[in-house]
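Quick notes on the structure that follows.
Just so we're on the same page: letters track the sequence lines, and every chain starts at 1. Hydrogens, waters and symmetry mates play no part in the numbers below; they use all other heavy atoms, side chains included.
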There are 2 protein chains.
Amino acid sequence: MNRKPLLEYINKYINLTMEEEDILFSKIRYRDYLKDQYIVQQGDVCNSVCFILSGCTKMFYMDKEGQEHIVIFSIEDWWTSDLGSFISQTPADYNVQCLENTQLIQFTNNTLEELYSEIPKLERLFRKIVERAFVASQKRIIRNFSLTAKERYLIFKETYPKIEQRVPQYMIASYLGITKEFLSKIKSQLIQNQ
Amino acid sequence: MNRKPLLEYINKYINLTMEEEDILFSKIRYRDYLKDQYIVQQGDVCNSVCFILSGCTKMFYMDKEGQEHIVIFSIEDWWTSDLGSFISQTPADYNVQCLENTQLIQFTNNTLEELYSEIPKLERLFRKIVERAFVASQKRIIRNFSLTAKERYLIFKETYPKIEQRVPQYMIASYLGITKEFLSKIKSQLIQNQ
DNA sequence: AAATAATGTTAAACTAGATTAACATCTATT
DNA sequence: AATAGATGTTAATCTAGTTTAACATTATTT
């Protein structure tokens, strides 16, 4: 398995010795998922955090009316998981499903605790990861309150140009919190006003 | 200063020895704020996380139109800060302002780093705090997407009964992401249908 | 006690975005 | 090549929530 993507990611936050790198890789699990497979299912306790090597996932909430609400897309060099469920070891509120064949590295609950005691620096790494996730989540709340759907769509395009090209439009609508019909309308308005 | 509220809070997550408690309290700063004073101002780099001993604060974002969007209220035994700014040491997106005279304990950036190296367990504590904040933030996104304003208001009342009684209604409307007029309408509907 | 500021209510007119439904295009499978 | 399934578009109608504006009530200050 190619260690490089994960190590490059980790190096942005902390420095590991060779020995520590070896310990790390001895405790993780490599996995291959096919398109449409679920990594986490609503109701299960989520017992892993995953670093994506290749592929794409969506995390979504299914409401009582059976409507999907996408919370986030994840691609290479990002994480995916129901962090809330993982952290508190309670049933997941969300589903994580692969939109493409996806290769990833899994950190399970137990091994992460072991890793924290063997390499305390990792506690810092995962604190930083959660911090970043939190900041992104806070900014999203503000965007949803203070911007129109058109403005949110433009920001999405700018922030995640790679994702826009890989994901069907009706899922982007779900991520933006609008219907696919309304996104279609926004797009045609943008084309006309060009 | 009364150490009890903070220690009781911390004990829910980690256990400190007497010596560690002393180190902790030697590094923190007690502060008194008056009603309407700002703890954090949009644009400043936020250099503290605060544990509230008494009082009440609002954290809000001011948009280009000059409209306030309240992200969270905090009261006794909760934290307040622009965590995003604090974490990344970038200018704050939010303001934190006191709604009542407020007494709190400040952890500044530098002292927190010192504390982490003297008491590594604290790294875990603050990871947990950020994790909880993150989970709450994620749940809020979902609520805003999948529930009506009336449903959100009922959940708010149930979740934060203490806050509802302490805070003017127009601020609750701002927190819910609706106008004060519409909240007024919702309330009168609820009274009629009782 | 009066005056001012802050907060809350009501109602009419308006708009962003949802719903429904019919149709168009693209893609995968036989 | 033909069919079915998935995805995207357009337009009419509808609704949750906004805006505006006038008024009511409650605190706060003099």
Working for side-chain contact (heavy atoms from CB on, under 4.5 Å), residues Leu176(B) and Leu183(B): CA-CA 9 Å; Leu176(B) 294 172; Leu183(B) 178 53; 4.2 Å; yes

Trace of the side chain to side chain donor-acceptor pair (under 3.5 Å) decision for Glu181(B) with Ser184(B): CA-CA 5 Å; Glu181(B) 292 85 355; Ser184(B) 201; over 6 Å; no

Lys139(A), NZ atom: more than 12 neighbouring heavy atoms under 6.0 Å: no

Phe107(B) and Phe126(B) aromatic ring geometry - parallel, tilted or perpendicular at 30°/60° bounds: perpendicular

Parallel, tilted or perpendicular: ring planes of Tyr160(B) versus Tyr175(B), cut at 30 and 60 degrees: perpendicular

Interface polar pairs with nucleotides 12-17 of chain D, N/O, under 3.5 angstrom:
from	atom 1	to	atom 2	distance (Å)
dG17(D)	OP1	Ala149(B)	N	3.2

Over 12 foreign heavy atoms within 6.0 Å of CD, Gln89(A): yes

Any donor-acceptor pair under 3.5 Å from Asp32(B) side chain to Gln103(B) backbone: no

Integer-rounded Å distance: dA16(C) P and Phe145(B) CZ: 18 Å

Worked verdict on Glu164(A) versus Tyr153(A) for side chain to side chain donor-acceptor pair (under 3.5 Å): CA-CA 10 Å; Glu164(A) 205 204 354; Tyr153(A) 171 60; 2.8 Å; yes

Met1(A) vs Ile28(A), side-chain contact (heavy atoms from CB on, under 4.5 Å): CA-CA, chis, key distance, verdict: CA-CA 11 Å; Met1(A) 185 193 56; Ile28(A) 61 170; 4.1 Å; yes

Asp77(B) and Phe51(B): CA distance, side-chain angles, deciding distance, side-chain contact (heavy atoms from CB on, under 4.5 Å) verdict: CA-CA 7 Å; Asp77(B) 298 319; Phe51(B) 181 83; 3.7 Å; yes

Sorted by number, the residues of residues 58-72 of chain A with heavy-atom contact under 4.0 Å to DNA chain C: none

Ser146(B) OG to Gln67(A) CD distance, which is reported to the nearest 0.5 Å: 9.5 Å

Joint hydrophobic cluster, Phe156(B) plus Leu190(B), side-chain heavy atoms closer than 4.5 Å: yes

Divergence of helical axes at both termini of the helix from dA1(C)-dT30(D) to dT30(C)-dA1(D) - five pairs an end, 10° steps: 40°

Main-chain N/O of Tyr61(B) paired with Asp93(B) side-chain donor or acceptor, under 3.5 Å: no

Spacing between Glu151(A) atom CD and dG17(C) atom P, to the nearest angstrom: 9 Å

Salt bridge (Lys or Arg N to Asp or Glu O under 4.0 Å) between Glu113(A) and Arg124(B), intermediate numbers included: CA-CA 11 Å; Glu113(A) 291 295 330; Arg124(B) 164 157 308 209; 3.3 Å; yes

Atom pairs, protein N/O to nucleotides 24-30 of chain C N/O, distance under 3.5 Å:
none

Can you give me the N/O atom pairs linking the protein to nucleotides 3-9 of chain C at distances under 3.5 Å, or say none if there are none?
from	atom 1	to	atom 2	distance (Å)
dT7(C)	OP2	Tyr170(B)	OH	2.5
dG8(C)	OP1	Gln169(B)	N	3.0
dG8(C)	OP2	Gln169(B)	N	2.9
dG8(C)	OP2	Tyr170(B)	N	3.1
dT9(C)	OP2	Gln169(B)	NE2	2.6
dT9(C)	OP2	Ser184(B)	OG	2.9
dT9(C)	O5'	Ser184(B)	OG	3.3

Less than 3.5 Å apart, which donor and acceptor atoms pair up between the side chains of residues 9-16 of chain A and the rest of the protein, not counting sequence neighbours?
from	atom 1	to	atom 2	distance (Å)
Tyr9(A)	OH	Trp79(A)	NE1	3.2
Asn11(A)	ND2	Leu7(A)	O	3.1
Tyr13(A)	OH	Arg132(A)	NH1	2.7

Atom pair distance, as rounded to whole Å: CG in Asp36(A) and C1' in dA6(D): 12 Å

